[in-house]
Amino acid sequence: MEGRVAEGLRGALGPFGFEVHAFKVGWYNAVLQPAFHLPYPDDTLAFVVLSTPSMFDKAFKPFVNKERLKIIRDPVDQCVSHHLSRVKEKFPDQKVDVIFDYEILPSRKPKFLAQTAAHVAGAAYYYQRKDVQLDPWGKKKIVSVCIHPKYGGWFAIRGLLLFPDIQVPFLEQSAPVDCVSTEEKRIELLEKFNFHWQDGRYRDIIEVKERYSEEQRTYFATPPAERFRLLGLTQ
């Protein structure tokens with residue numbers, strides 16, 4: 001069943017520059033405190049959805065051109081929401097729950113921890129302070145970061161698709177690719193991400209297959225309030 005669903009999702013989202021990776025809710029819940037658990041049985045089938053560099057040209061620009069008059073909030077969020085919501089039409093006989101990366105609970109906590117989901121699904125490796133043996137940071141707060149084996153840091157985690165009626169007790173977990181495998185590189189990655197994230201150099205910590213285009217970089221480097229103007233939209 002998982003294979004059929006995965007194939008359907010890849011067919012629906014792949015052409016628009018998205019990637020999907022399957023996981024069991026239990027894998028995710030097992031590594032988090034109860035406050036962050038997803039409220040589904042352990043064997044429930046879920047997918048984490050990533051956007052790759054090509055999403056900008058394949059999904060975002062056509063979406064903005066077509067929906068120009070209907071864009072009222074963050075255009076990228078709206079584009080992702082449009083594509084993930086359309087997935088439901090592909091599975092008319094299934095219940096599909098969608099959780100977006102920007103959604104928060106009344107407690108102000110995110111509805112899901114995106115990087116943890118990407119790691120347990122084998123999509124991208126979540127590098128944390130504990131992955132460095134000789135920690136050079138003392139009392140400094142160090143934020144963790146996911147790196148994709150193909151796109152480095154040039155990708156984003158956009159949401160979860162959950163299939164509450166599909167249980168997959170025999171789904172096998174694949175570990176994410178540990179592509180930043182040396183101590184020196186991990187320190188460099190966490191340094192760049194924590195102290196120089198604006199320049200984006202952490203994204204190229206490994207040799208990447210594809211990066212964001214110049215246009216896409218400009219878009220994401222522009223303060224959110226000014227992005228509407230950049231796209232020729234009035235807010």
Side-chain angles (χ1 to χ4, degrees), residues 2-32 36-38 40 42-56 58-59 76-77 79-81 83-84 87 96-103 110-128 130-131 143-163 166 168 170-181 185-186 189-190 193 202-212:
E2 177 270 328
R4 264 216 323 275
V5 175
E7 214 167 294
L9 290 177
R10 287 188 189 112
L13 293 170
F16 296 102
F18 294 99
E19 261 187 20
V20 294
H21 298 263
F23 69 98
K24 287 204 295 194
V25 165
W27 302 343
Y28 173 89
N29 287 351
V31 295
L32 292 170
F36 288 105
H37 285 186
L38 293 167
Y40 299 85
D42 281 353
D43 287 336
T44 305
L45 178 62
F47 292 85
V48 66
V49 181
L50 314 179
S51 61
T52 71
S54 68
M55 186 276 281
F56 197 80
K58 290 177 176 173
V76 170
D77 287 350
C79 166
V80 171
S81 166
H83 283 285
L84 297 199
V87 160
V96 187
D97 291 345
V98 187
I99 309 177
F100 297 104
D101 67 302
Y102 52 80
E103 290 188 279
K111 280 199 175 175
F112 79 101
L113 297 183
Q115 304 202 92
T116 301
H119 187 94
V120 300
Y125 201 104
Y126 188 28
Y127 290 98
Q128 305 176 58
K130 66 178 173 61
D131 294 315
V143 179
S144 313
V145 60
C146 265
I147 294 294
H148 189 288
K150 194 167 159 192
Y151 304 115
W154 301 100
F155 77 104
I157 303 157
R158 298 296 181 184
L160 296 185
L161 296 166
L162 295 120
F163 290 79
I166 302 180
V168 282
F170 304 114
L171 187 63
E172 284 186 22
Q173 189 168 12
S174 26
V177 179
D178 179 5
C179 47
V180 187
S181 52
K185 274 287 183 201
R186 288 177 182 187
L189 168 65
L190 292 170
F193 182 67
Y202 79 90
R203 298 177 189 270
D204 286 314
I205 194 72
I206 60 166
E207 199 64 44
V208 298
K209 300 269 190 301
E210 202 182 333
R211 290 184 180 83
Y212 289 176

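Keep in mind it's a predicted model, so treat the numbers as computed, not measured.
In terms of heavy atoms, Gly152 sits closest to Val208 at N-CG1, 3.6 Å. The minimum heavy-atom distance linking Val177 with Tyr127 is given by the pair O-OH, 4.1 Å. When all heavy atoms of Ala22 and Trp27 are compared, the pair lying nearest together is O-CZ3, 4.2 Å. Nearest heavy-atom pair, Pro149 versus Cys179, reported as atom, atom and distance to 0.1 Å: CA-SG, 4.0 Å.
Side chain of Arg186 to main chain of Val180: a donor-acceptor pair is present (N/O by atom type, distance under 3.5 Å, no hydrogens or angles).
Looking at heavy atoms from C-beta onward, Leu45 lies out of side-chain contact with Leu162 at the 4.5 angstrom threshold. Within the 4.5 Å cutoff, the side chain of His83 has heavy atoms near those of the Leu13 side chain. Proximity of Phe100 to Leu84: side-chain heavy atoms (C-beta onward) are separated by under 4.5 Å at one or more points. Using a 4.5 Å heavy-atom cutoff, the side chains of Ile99 and Leu38 are in contact. Looking at heavy atoms from C-beta onward, Ser81 lies in side-chain contact with Tyr102 at the 4.5 angstrom threshold. Leu50 has its side chain out of reach of Tyr151: every pair of non-hydrogen atoms, C-beta onward, lies at least 4.5 Å apart. The shortest distance between side-chain heavy atoms of Ile157 and Asp101 does not fall below 4.5 Å. Counting heavy atoms from C-beta on, the side chains of Leu160 and Phe23 come closer than 4.5 Å.
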Please walk me through it: do Phe18 and Thr52 pass side-chain contact (heavy atoms from CB on, under 4.5 Å)? CA-CA 6 Å; Phe18 294 99; Thr52 71; over 6 Å; no

Please test Leu9 against Phe163 for side-chain contact (heavy atoms from CB on, under 4.5 Å), starting from the C-alpha separation and ending with a verdict. CA-CA 12 Å; Leu9 290 177; Phe163 290 79; 4.2 Å; yes

Val20/Val48 under side-chain contact (heavy atoms from CB on, under 4.5 Å): CA gap, chis, key distance, verdict: CA-CA 6 Å; Val20 294; Val48 66; over 6 Å; no

Verdict with reasoning, Val98 to Glu103, per side-chain contact (heavy atoms from CB on, under 4.5 Å): CA-CA 10 Å; Val98 187; Glu103 290 188 279; over 6 Å; no

Contacts table for residues 110-121: side-chain donor-acceptor under 3.5 angstrom, sequence neighbours left out:
unit_1: Gln115; atom_1: OE1; unit_2: Cys146; atom_2: N; d: 2.7
unit_1: Gln115; atom_1: NE2; unit_2: Ser144; atom_2: O; d: 3.3
unit_1: His119; atom_1: ND1; unit_2: Tyr126; atom_2: N; d: 2.9

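Note that the CG atom of Leu161 and the CG atom of Asp97 stand 9.5 Å from one another [nearest 0.5 Å]. Here OG of Ser51 is found 12.5 Å from NZ of Lys58. Values are rounded to the nearest 0.5 Å.
The stretch residues 12-26 participates, sequence neighbours left out, in these salt bridge (charged side-chain N to carboxylate O under 4.0 Å, His left out) pairs: Lys24-Asp43.
The side chain to side chain contact (heavy atoms under 4.5 Å, CB included) test applied to Lys150 returns His148, Lys209, not counting sequence neighbours. Take Trp154 and apply the side chain to side chain donor-acceptor pair (under 3.5 Å) test, not counting sequence neighbours, and it matches Asp204. Residues meeting the side chain to side chain donor-acceptor pair (under 3.5 Å) test with Tyr212, sequence neighbours left out: none. Residues forming a side chain to side chain donor-acceptor pair (under 3.5 Å) with Arg10 (at least two apart in sequence, or on another chain): none.
Under the 30°/60° scheme for interplanar angles, the aromatic rings of Phe193 and Tyr202 are found to stand perpendicular.
Between the side chains of Tyr40 and Asn29, no donor N or O sits under 3.5 Å from an acceptor N or O.
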